[in-house]
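What follows is a set of notes on a single structure, which appears directly below.
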Amino acid sequence: MLSSIIWTPLLFGLIGLLVPRRFAAWVAALGAVITLGLSIGVLAGFDPDGGMQFVTDVSWIPGLGVDYSLGIDGVSIFLVMLTAIAWIPAIGFSALRGTERPALFYLMLLAGETSTLGAFLAQDLLLFVLFFDLMIVPFYFLFGIWGRDRGGESDPEGSPGNGPVTVQSATLKMIVFTLIGSLLMLVGAIAAAVIAADGGELTFSIQTIVARGLPEGSQNWIFWFFAAAFLVKMPAFPLHGWMPDSYRAAPLPALAVFSAVLSKVGAYGFLRVVLPMMPDAADLFQTTMLVLAIASILYGSAMAFTKTDLRLVLGFSSVAQLGFITAGIFAFNESGAEGAVLQMVNHGLVVVPAFLIVAMISERTGSEELGPMGGLAKKAPVFAVIFLIVSMATLAIPASANFIGEFFILNGLFQVDAAWAIVASVGVALAAFYALRMYQLTMHNPLPDGSDSKEISLRDALVVIPMVAIVVVLAFCPQLIIHGSEPAVDSSIQVVKEVAE
Amino acid sequence: MSFDAPAMDYAGLSPVIALTTGLVVIVLASVFDSVKRFGPFLALLTFAVTAGCLIWQWSADIDLVSGSLRLDGLAATLSILVVIAAAVSVLLAIGDPSETQAGRSDWLALLTGSVLGMVILAQATSMLTFFVGLELLSIPLYALCGTNLRRRESLESGLKYLIVGSVGSATLLYGLAMIYGASGATGFQAISDGLQAGDGMLSDSLTLVGVGLVAVGLAFKVSIAPFHQWTPDVYQGAPTPVTAFMAVATKAAAFAVFIRFFLVALGPLADQWDVMLAALAALSIVVGNVGALAQTSLKRMLGYSGIAQAGYMLAGIVTATQAGVDALVFYLAAYVAMNVGAFAVVVARERQTGFSDDISTLRGLGREKPLLAWPLTISMLALAGLPPTVGFIGKLYLIEALVDDDWTWLAVMIAIGTMISLGYYLRVVATVWMSPAEESEAAAASIDTAALPPQIAGAQADPFTDSRADRRWYLVAPALIAMAAALFFGVIPQPLVDFAQHAGNALSVWIS
């Protein structure tokens with residue numbers, strides 16, 4: 001069952017290579033919809049108190065002790081749902097507009113979905129590392145082939161205040177940064193398994209390694225090998241150096257899923273691997289991690305508040321949001337961790353429509369610069385309302401699910417030390433600033449020459465409105481996620497909580 | 001007086017016999033014009049029969065020729081890799097200027113002779129066969145490097161390789177002599193026994209200097225830094241089919257004897273040489289990867305990348321465990337697939353662009369020539385160690401062997417080297433997929449003198465330029481098969497793991 005969820009997207013991507021070019025997009029969309037259907041099937045049969053479910057465990061490379069081992073629990077199920085949902089608008093948006101070299105584009109996009117789902121479902125440490133590394137490859141091609149150079153002579157409208165960016169340098173920077181982390185993680189993963197086996201039978205099963213435990217001294221360095229990979233992927237301050245350039249160069253539909261889902265794999269890795277496997281190290285470095293998280297919140301918010309490129313506003317707001325999520329995880333209590341899981345889903349759901357809206361704004365104004373924009377709401381009330389909902393969700397207005405998520409996280413931080421919570425809440429206030437600024441500068445004020453206030457077209461509405469609807473529905477019943485993930489999240493942080501106490 | 005001839009195990013010798021016969025037939029065939037043009041088929045047939053013999057004797061574990069050779073899993077696996085690499089070079093050489101100018105039969109005879117040397121080297125268990133095999137491997141290669149008779153670079157590379165290779169051989173021979181002096185034996189097992197029996201011989205300076213010199217000599221052959229300076233120049237200057245053969249087959253054969261000599265003959269000294277080899281491996285990883293960053297010639301870049309990859313593989317010997325040998329053999333097999341794919345594309349692209357191997361000749365390849373672009377892309381991703389290719393599993397295997405034997409720092413070096421290597425491997429990928437093609441079209445147009453009337457084209461016309469090289473089966477098929485192998489064994493690595501463990505098991509008597 002879980003295998004079919006993982007491999008369906010890739011299969012349809014490959015079929016897309018064989019069918020005539022004009023059908024490739026629809027084959028891809030069908031693949032994404034079937035994946036969502038299968039995920040809903042798993043969700044329907046899911047028991048929140050059932051621990052690890054739908055387990056598949058077959059030997060993959062017996063010579064190296066690596067198993068093809070999958071499973072789903074309350075932490076991963078909502079992230080799998082998020083992945084399955086997020087890919088549909090990204091594919092639909094591109095399908096309705098057409099792209100260059102469609103077969104290859106959708107193959108890469110769906111390969112990205114396969115590897116992301118694989119990372120969320122893998123229960124073997126090496127399989128997780130493999131999918132984690134694999135994720136970046138299709139996005140490297142997506143950003144590189146379908147991205148565009150920004151700034152410089154070819155793009156005079158580009159970004160004043162930001163240097164020119166070439167696709168090649170941006171993608172190289174992205175992949176080098178990401179892989180620096182994940183190669184060290186590979187060494188860390190192997191070391192963890194070897195040390196835990198202690199001469200016994202070598203296995204990479206996460207549950208077995210957790211049960212065997214690691215000696216405290218080894219935990220400390222292995223912790224950083226893993227943390228490096230996850231913090232780069234998120235990205236967290238100060239490892240976000242690759243983010244601005246790649247975000248500016250990337251094609252928006254691919255960027256939407258990249259920002260919505262791939263960043264969550266890092267946070268997920270902390271919950272799934274780091275806290276259960278290295279509780280002593282996690283406890284030892286709790287303060288360091290919280291400082292990094294808070295720094296990400298403040299830095300990300302401040303940058304989002306000053307940047308004028310819409311992609312960078314959203315990119316840095318993601319840095320801030322991921323900072324909240326990390327802080328929630330490293331609070332080592334139920335409230336923080338549950339809030340973190342909820343917030344991962346919330347942020348993912350909000351970011352996809354946000355980036356697609358950026359694409360529509362850019363079509364209407366010919367630019368992604370906030371400075372010369374304005375007035376887009378004039379003849380486009382529906383478009384404006386959709387953007388308003390997305391902005392409100394981003395700033396976590398009370399009654400939104402994001403508000404609940406941030407509340408849980410701040411509550412968790414408060415239990416650690418009131419000071420953390422107070423500093424972090426500055427980030428909540430700043431979020432209101434940058435989200436409203438983004439909305440106002442694009443939608444209000446007079447319409448400048450060359451811009452066109454046009455109502456959202458039917459094809460875009462078809463893609464974006466369902467996403468916004470999900471955001472709205474989730475605002476009414478966030479307890480679905482809180483309750484569904486509670487037992488699994490609590491057991492993930494059980495060990496570290498005991499250590500911390 | 002009666003004389004007992006030693007018992008000959010013809011079954012065990014069959015790979016060597018097959019190659020020797022093939023060599024003789026290829027040389028004889030050159031006399032008859034009617035069969036001359038079938039040279040490549042004869043060579044391929046020879047390699048196929050050799051491979052058949054190796055598979056027939058797959059589970060053999062026997063001493064041959066009074067203990068001078070030994071056909072076991074290690075010899076069989078690495079000989080297979082050598083034979084595959086040789087067969088690919090025969091295909092890549094079809095229509096190559098080097099093969100035509102040097103005379104097809106002569107070229108193929110040299111290649112087959114070198115393969116014979118490699119197969120003997122992979123089986124060598126005595127210092128005599130070790131050295132004879134090494135020279136039989138090297139001398140035809142010196143000549144092969146210079147077979148592109150009209151290109152100064154080719155001749156230069158042949159000469160350079162001859163001089164550097166001879167220095168390497170001399171160093172090695174000197175080292176072997178010292179070890180003989182210390183142990184009083186030539187057989188690998190006897191050396192090990194002799195060193196342990198001799199009083200204090202394990203830490204005697206005569207032994208240690210000998211070990212050092214042998215390591216240096218072998219380091220020349222597998223291009224380990226700091227004995228690598230010849231590699232980029234020779235790789236670039238030599239005809240590309242020869243470079244492909246050198247890069248892959250020489251490494252496989254030299255590593256075979258590297259493994260056997262150090263783990264069997266010098267096994268008792270493992271605690272002395274492991275740190276030295278670890279330092280060489282780490283240095284190679286750094287020098288190779290950093291050196292490759294600045295290259296604009298694909299062949300030079302692959303040369304530096306080969307230095308780095310040799311460093312990764314040497315790490316497998318450092319552990320002196322069976323897992324290390326398995327990992328090394330696995331990586332070698334992966335290395336064959338990754339490099340064959342890359343070199344086949346370089347050969348095809350060279351013939352289309354008037355023998356330029358500059359990275360810029362790859363611009364726009366992804367859009368126009370997917371049959372070349374994909375194999376090259378997968379090769380580069382595999383060399384960079386990204387999933388889902390065999391390169392990732394190879395690195396995983398090596399790192400696991402290293403960490404398991406407490407060489408975590410060397411495993412981290414491999415990880416760091418891999419990060420640096422992304423800088424140049426991905427530059428190739430980016431050029432293939434992310435650069436527009438206009439300039440390469442313009443460059444190709446200026447070189448495509450074959451389209452001009454002969455009186456204008458004059459002396460510039462190169463008869464070996466082949467604008468349809470990207471559709472020649474003998475170039476595209478090796479590339480596609482290598483790509484398929486790199487992906488297949490990346491997703492289902494177990495068959496290749498079994499292959500590698502077959503090599504490691506052969507040494508299970510000597511190592512843990």
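Numbered from 1 within each chain, the chains take letters A, B, ... in sequence-line order.
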Where does [X] contact chain B at under 4.5 Å (heavy atoms): side chain, backbone, both or neither?
| X | value |
| --- | --- |
| A:F177 | neither |
| A:F131 | neither |
| A:W60 | both |
| A:V137 | side chain |

_I'd like to verify something: which residue of B:D498, B:V429, B:V497 has the highest number of heavy-atom pairs under 4.5 Å with chain A?_
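Highest number of pairs under 4.5 Å: B:V429.
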
*Please determine, among B:A411, B:A384, B:A415, B:A327, the option with the most heavy-atom pairs under 4.5 Å with chain A.*
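Option with the top pair count is B:A415.
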
Quick one: closest heavy-atom pair of [X] and [Y], and the distance?
| X | Y | value |
| --- | --- | --- |
| B:W374 | A:L104 | CZ2-CD1, 3.5 Å |
| A:R101 | B:G366 | NH2-O, 3.2 Å |
| B:P388 | A:L134 | CD-CD1, 3.4 Å |
| B:P493 | A:I61 | CG-CD1, 3.3 Å |
| A:A191 | B:V403 | CA-CG1, 3.6 Å |
| A:L184 | B:M419 | CG-CE, 3.9 Å |

_As a test of understanding, state which of A:T171, A:I175, A:V176 forms a side-chain contact (heavy atoms from CB on, under 4.5 Å) with B:L426._
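When side-chain contact (heavy atoms from CB on, under 4.5 Å) is applied between B:L426 and each of A:T171, A:I175, A:V176, only A:I175 qualifies.
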
What part of [X] lies closer than 4.5 angstrom to a heavy atom of chain A: side chain, backbone, both or neither?
| X | result |
| --- | --- |
| B:R367 | both |
| B:V491 | backbone |
| B:L402 | neither |
| B:L386 | side chain |
| B:Q501 | side chain |

[atom1]-[atom2] distance between [X] and [Y], expressed to the nearest 0.5 angstrom:
| X | Y | atom1 | atom2 | result |
| --- | --- | --- | --- | --- |
| A:F141 | B:L381 | CZ | CG | 5.0 Å |
| A:I190 | B:K395 | CD1 | NZ | 12.0 Å |
| A:I195 | B:T408 | CD1 | OG1 | 6.5 Å |
| A:L183 | B:I414 | CG | CD1 | 11.0 Å |
| A:L186 | B:I399 | CG | CD1 | 4.5 Å |

*Given side chain to side chain contact (heavy atoms under 4.5 Å, CB included), test B:L396 with A:L130 step by step and report yes or no.*
CA-CA 10 Å; B:L396 163 66; A:L130 185 136; over 6 Å; no

*Go through the side-chain N and O atoms of B:S435 and A:Q168 and say whether any donor and acceptor fall under 3.5 Å apart.*
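Yes - a donor-acceptor pair under 3.5 Å links their side chains.
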
_Measuring only between side-chain heavy atoms, which start at C-beta, is B:D404 closer than 4.5 Å to A:L202?_
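Side chain of B:D404 against side chain of A:L202, heavy atoms only: no contact under 4.5 Å found.
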
